[in-house]
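Shown next, in structure tokens, is the structure this report addresses.
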Amino acid sequence: MHRDIQTDNWISVCQLDDIVPNTGVCALLNQRQIAVFHVQAGEARVFAIDNYDPNSQASVLSRGLVGSVGERIAVASPIYKQHFDLQTGECLEAPEHSVNTYPARIEDGKVWVGL
């Protein structure tokens, strides 16, 4: 079961311009791999989820394809193509394999993730 993690501990990951729009990068934060996505559909937004794909048991979600599934912004795993909602972490095809989400924001041109 996924969980939305709330925090007051924010970590600067990179400059927003370091992430190509509509793609992701992997950041190692406190010994945890986090997939950070820069979504550009009008206004720039950032999302952060676990990088580990429980379906393929590989740390690959940051390399997935970003798009939409209906009204949801999602990333498709590069291995088995399951879709993960970037706002909730829910695996759309197998909800039992959902991932954690982390708060993410843009401030002064930098991407920040809360742990």
Side-chain angles (χ1 to χ4, degrees):
M1 180 91 182
H2 79 285
R3 59 193 160 112
D4 186 18
I5 297 174
Q6 301 298 316
T7 185
D8 290 323
N9 184 21
W10 291 88
I11 300 172
S12 174
V13 175
C14 63
Q15 292 292 123
L16 179 63
D17 292 343
D18 291 338
I19 308 174
V20 174
N22 301 314
T23 67
V25 297
C26 181
L28 184 62
L29 305 176
N30 292 346
Q31 307 304 315
R32 181 182 295 248
Q33 287 190 31
I34 308 294
V36 181
F37 297 92
H38 171 187
V39 176
Q40 186 78 47
E43 184 178 343
R45 298 171 67 190
V46 290
F47 299 92
I49 64 174
D50 284 332
N51 192 44
Y52 182 77
D53 176 2
N55 298 291
S56 64
Q57 299 183 354
S59 295
V60 295
L61 292 181
S62 64
R63 296 180 183 180
L65 295 174
V66 175
S68 60
V69 177
E71 296 294 315
R72 298 171 121 175
I73 300 169
V75 62
S77 173
I79 298 184
Y80 295 131
K81 311 301 184 237
Q82 283 92 353
H83 297 89
F84 293 86
D85 185 309
L86 291 180
Q87 293 181 328
T88 67
E90 180 183 6
C91 178
L92 303 183
E93 292 81 10
E96 67 276 12
H97 290 162
S98 297
V99 297
N100 293 321
T101 61
Y102 303 88
R105 69 180 191 223
I106 303 166
E107 188 175 305
D108 297 326
K110 291 184 180 179
V111 176
W112 295 81
V113 173
L115 290 183

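Because only heavy atoms are used, hydrogens play no part in the values below, and waters and symmetry mates are left out as well, while side chains stay in.
Here T23 pairs with nothing under the side-chain hydrogen bond (donor to acceptor under 3.5 Å, both in side chains) rule; sequence neighbours left out. For E71, the salt bridge (Lys or Arg N to Asp or Glu O under 4.0 Å) criterion is met by no residue, not counting sequence neighbours. Among residues two or more places apart in sequence or in another chain, the side-chain hydrogen bond (donor to acceptor under 3.5 Å, both in side chains) test is passed with Q15 by none.
Between N22 and V39 the shortest heavy-atom distance is OD1-CA, 3.6 Å. Between G89 and T101 the shortest heavy-atom distance is N-CG2, 3.2 Å.
Judged by distance alone, the side chain of S98 and the main-chain N or O of C91 form a donor-acceptor pair under 3.5 Å.
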Under 3.5 Å, sequence neighbours excluded: what are the donor-acceptor pairs made by side chains of residues 72-79?
residue	atom	partner	partner atom	Å
R72	NE	D85	OD2	2.8
R72	NH2	E90	OE1	2.5
S77	OG	D53	OD2	2.5
S77	OG	I79	N	3.4

Donor-acceptor pairs are to be reported for all side-chain atoms of residues 41-50 against protein atoms at under 3.5 Å, with residues two or more places apart or in another chain.
residue	atom	partner	partner atom	Å
D50	OD1	Y102	OH	2.5
D50	OD2	N100	N	3.2
D50	OD2	N100	ND2	3.0

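Pairs engaging residues 14-25 under the salt bridge (charged side-chain N to carboxylate O under 4.0 Å, His left out) rule: none recorded [sequence neighbours left out]. For residues 98-115, the pairs satisfying salt bridge (charged side-chain N to carboxylate O under 4.0 Å, His left out) are R105-E107, with sequence neighbours left out.
With hydrophobic clusters built from ILVMFWY side chains whose heavy atoms lie under 4.5 angstrom apart, Y52 does not share a cluster with V99. Both L29 and I106 are part of a single hydrophobic cluster, where members link through side-chain heavy atoms under 4.5 Å apart.
Other residues sharing the hydrophobic cluster of V20, ordered by chain and number and joined by side-chain separations under 4.5 Å: none, the residue standing alone. Hydrophobic side-chain contacts under 4.5 Å tie L92 into a cluster, directly or through other members, with V69. Alongside L28, the hydrophobic cluster contains no other residue (criterion: ILVMFWY side chains under 4.5 Å).
Remark: N30 CG to I11 CD1 distance equals 4.5 Å, nearest 0.5 Å. Distance check: Q57 CD to Y80 OH gives 8.5 Å after rounding to the nearest 0.5 Å.
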Original post:
Given the rule in the side chain to side chain contact (heavy atoms under 4.5 Å, CB included) test, do N51 and I34 qualify, once you have shown the distances and angles that lead to the verdict?
Top reply: CA-CA 5 Å; N51 192 44; I34 308 294; over 6 Å; no

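Checking each of H83, Q82, K81 against E93 for a side chain to side chain donor-acceptor pair (under 3.5 Å) leaves exactly one that passes, namely H83.
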